[in-house]
Amino acid sequence: MGRRMLVAGNWKMNGLAASAAEFEAMRDGAGADGPEVLVCPPATLIRLFSDLAGGRIAVGAQDCHVAANGAHTGDLSAEMLADAGASAVIVGHSERRADHGEGDAQVRAKAEAGWRAGLTAIVCIGETEAERDAGRTLDVVSSQLSGSVPDGATAANTVVAYEPVWAIGTGRTPTLPEIAEVHNHLRAQLAERLGASVADAVRLLYGGSVKPANAAEIFAAANVDGGLVGGASLKAADLLAIVAAARSAA
Ligand code: PGA
């Protein structure tokens, strides 16, 4: 136990240089102690934000290529993201899986690429609505967890984010027992694979329509160690309210 809460903001394809003021408001409002706060802006803003970061706020990336360099037009390596100031990288987000056809093997390789560059990999998994309706949620997240999380995962190099696809950007969330069921299941599966002490320390985030209004109850659910927040991470007031909820839940 003793896991530190983490609130990670995923800005997706939003934000221009003018958004630096919003990031600074997040930095200044995050306070001196409490949950860890990570903002993952588009790659174009990583250098700018990491120059402004400090205190408890850090900067992450949203994706990386598996290779360190080479002939991959338009792609960015984990080494480049680290060089720009990122300390973490999201891999396997459902929008990458859907828009770019990324599967578990590729996600796993991306997580390892992140490690190679010294980044923490935030590995995303989650079922579709059809899979939940068919009663397949635990099977789906189990198979994604085993396929996407590399051997050698530790609490220092890996965070797992459970994000039901149908909850992302929809304003809908699973019930608290549904969230707890998945998180308990993931923790148990990690314990079988990595041993109890590693599994106990790995943080499990919930993501999908986390807002100031629901963050406190979600963060109080069993085995929820914070959130991966999309839309509500774009505004400092919303993100800071979610950070405050994580602080109370810690
Ligand atoms: P949302 O996105 O908070 O806007 O639902 C979460 C995510 O996709 O990480």
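Counting starts at 1 for both ligands and their atoms, in listed order. In what follows, residues are counted from 1 in the order of the sequence shown.
The side chain to side chain donor-acceptor pair (under 3.5 Å) contacts involving residues 25-53 comprise Glu36-Arg203, where partners must be two or more places apart or lie in separate chains.
Ile90 belongs to a hydrophobic cluster with Leu6, Leu38, Ile122, Val159, Leu205, Leu228, counting contacts under 4.5 Å between side-chain heavy atoms of Ile, Leu, Val, Met, Phe, Trp and Tyr, direct or through other members.
A heavy-atom cutoff of 4.0 Å around ligand 1 is satisfied by the protein residues Asn10, Lys12, His93, Glu163, Ala167, Ile168, Gly169, Gly208, Ser209, Leu228, Val229, Gly230, Gly231.
For Glu95, the salt bridge (charged side-chain N to carboxylate O under 4.0 Å, His left out) partners two or more places apart in sequence, or in a different chain, are Lys12.
A salt bridge links Lys110 with Asp63; the closest basic N to acidic carboxylate O contact falls under 4.0 Å.
The CG atom of Leu190 sits 5.5 Å away from atom CG of Leu194, with the distance rounded to the nearest 0.5 Å.
Using modelled atom types and a 3.5 Å distance limit, the side chains of Glu131 and Thr128 yield a donor-acceptor pair.
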